[in-house]
Asker: 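Sending over a structure as structure tokens; questions will come in a sec.
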Amino acid sequence: MPRVSVRYLAAVADYTGRKEEEFELPDGATVKDLLDTIREKYPRVAEIERRFPLLILRNGVNAKPEDRLVDGDRVALLPPVSGGSRFKPPAEYSYGCGD
Amino acid sequence: MPEGRVIEGEVDLNRVVEELSGKAGEGMGAIVVFIGFVKGSVDGKRVERLDYEVYEPYTSQHLQRIAEEEMDEGVMDIRIYHRHGNLRPGEKTLYIVVAARGRRIAFEKARRVLERVKHEPPIFKLEHREDGDYWVFGDGMRLSREETLPEKRLE
């Protein structure tokens, strides 16, 4: 049962009402499963996704929906960066350097 | 050595320039310094405060990566320091210092580093203005917090 911490950055936290929390997920759960859990808990998250593209990071790098989560993973939901209205990240783009 | 990171207070630019001046003996001929400030007025409205939120350690890691990746031919050193927290108009927000063999390389590299810093690392701005609070998503793109906070929606 992987336990992962989730961070809601900037405007995303306005929609969830909190900045971070932990989720315990079934073995084999993926990033998509986690997002579905979050969307179910916070229906307003769908509203965010209509407004701007949500970026999902897992341990500091872009997460793919099919990525399997492991115990201790750190996932973050981010709005576009402050100067980013013209920025189109490439597929391999990552915010950080990973752990 | 190139360096990029998030900081809380101000940077002693005299110290940084003094340190980089030592590279003159290695052929360094120019240092360009960029300083970003909190603006006191946006769209004709008075700005009271700007809150910078970062996602550490990844924001600092990304600033460091930009500094290292931009160290190409003719560039002798790059320093990037981005402040976080609550800043008032007139306060400094971002420092970019580039030392290079000549002025052309130094100016061009400082501009390129600035564009990357503005568009890549996870840095978020919440603008507190006389007419309300706004999330800043890019140059000129803002979203009123009246639309993002749940209690506002229930009114």
Side-chain angles (χ1 to χ4, degrees), chain A residues 5-21 38-39 41-63 72-99, chain B residues 4-6 36 38-39 42 50-69 82-84 87 93-94 113-127 133-154:
Chain A
S5 63
V6 178
R7 178 90 182 266
Y8 307 110
L9 272 293
V12 178
D14 280 356
Y15 289 87
T16 60
R18 61 175 65 200
K19 284 189 171 292
E20 56 191 340
E21 66 184 314
I38 291 170
R39 288 187 189 105
K41 184 172 181 180
Y42 305 107
R44 291 192 68 220
V45 167
E47 196 181 319
I48 309 175
E49 293 172 310
R50 282 196 298 273
R51 284 191 175 278
F52 46 76
L54 208 53
L55 295 167
I56 315 296
L57 300 186
R58 175 175 167 242
N59 301 326
V61 300
N62 269 2
D73 271 352
R74 289 181 292 168
V75 176
L77 278 64
L78 302 84
V81 300
S82 287
S85 61
R86 291 165 295 147
F87 181 63
K88 298 281 184 284
E92 70 277 15
Y93 174 79
S94 66
Y95 266 131
C97 304
D99 288 326
Chain B
R5 61 186 166 91
V6 171
V38 177
K39 286 181 279 200
V42 172
L50 204 53
D51 298 345
Y52 281 91
E53 184 176 348
V54 295
Y55 181 34
E56 290 287 69
Y58 306 113
T59 307
S60 282
Q61 284 180 1
H62 201 103
L63 293 173
Q64 178 68 33
R65 193 168 76 183
I66 292 171
E68 290 174 2
E69 286 178 353
H82 204 304
R83 294 181 71 187
H84 78 105
L87 301 176
T93 62
L94 169 63
V113 168
L114 172 60
E115 288 305 309
R116 289 192 65 181
V117 170
K118 293 284 283 182
H119 293 95
E120 295 182 19
I123 298 171
F124 307 96
K125 290 195 286 193
L126 178 61
E127 199 172 68
D133 298 341
Y134 293 83
W135 291 105
V136 183
F137 291 132
D139 302 327
M141 183 181 166
R142 283 169 171 76
L143 178 62
S144 170
R145 213 176 187 195
E146 287 195 6
E147 297 181 47
T148 62
L149 285 173
E151 58 265 34
K152 296 288 183 183
R153 289 177 51 79
L154 297 174

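Within every chain, numbering begins at 1; the chains are lettered A, B, ... in the order of the sequence lines, protein sequences first and strands thereafter. Side chains included, hydrogens not; waters and symmetry mates left out as well; all remaining heavy atoms used.
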Asker: Going by atom types alone, do B:Tyr58 and A:Arg74 pair a side-chain donor with an acceptor below 3.5 Å?
Answerer: yes
Asker: When you look at NZ of A:Lys41, are more than 12 heavy atoms from neighbouring residues, nucleotides or ligands closer to it than 6.0 Å?
Answerer: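 More than 12 heavy atoms, drawn from other residues, nucleotides or ligands, come within 6.0 Å of this atom.
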Asker: Could you tell me whether the side chain of A:Pro79 reaches within less than 4.5 Å of the side chain of B:Phe124, counting heavy atoms only?
Answerer: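 Yes, close enough: below the 4.5 Å cut-off.
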Asker: If you measure from OG1 on B:Thr59 to CG on A:Leu9, what distance do you get to the nearest 0.5 Å?
Answerer: 7.5 Å
Asker: Can you tell which part of B:Val54 gets under 4.5 Å to a heavy atom of chain A, answering side chain, backbone, both or neither?
Answerer: backbone
Asker: I'd like to check the ring pair (Phe, Tyr, Trp, His ring centres under 6.0 Å) partners of B:His82; sequence neighbours left out, ordered by chain and number.
Answerer: B:Tyr52
Asker: Under 4.5 Å from any heavy atom of chain A, what part of B:Leu143 do you find: side chain, backbone, both or neither?
Answerer: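 Side chain only.
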Asker: Considering residues at least two apart in sequence or located in another chain, which fulfil the side-chain hydrogen bond (donor to acceptor under 3.5 Å, both in side chains) criterion with B:Gln64?
Answerer: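 Scan of B:Gln64 (side-chain hydrogen bond (donor to acceptor under 3.5 Å, both in side chains), adjacent residues dropped) gives B:Glu68.
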Asker: Can you tell me how far the CG atom of A:Leu78 sits from the CD atom of B:Glu53, to the nearest 0.5 Å?
Answerer: 9.0 Å
Asker: Locate the shortest heavy-atom distance separating B:Trp135 from A:Ala10; write the atom from each residue and the value.
Answerer: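 Nearest heavy atoms, B:Trp135 then A:Ala10: CH2-C, 3.4 Å.
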Asker: When you look at B:Tyr55 and A:Leu57, which way does the side chain to side chain contact (heavy atoms under 4.5 Å, CB included) test go after all the steps?
Answerer: CA-CA 11 Å; B:Tyr55 181 34; A:Leu57 300 186; 4.1 Å; yes
Asker: Just by modelled atom types, is the B:Thr148 backbone N or O under 3.5 Å from a matching donor or acceptor in the A:Arg44 side chain?
Answerer: yes
Asker: Is there side-chain contact between B:Glu147 and A:Glu47, with at least one heavy-atom pair below 4.5 Å?
Answerer: no
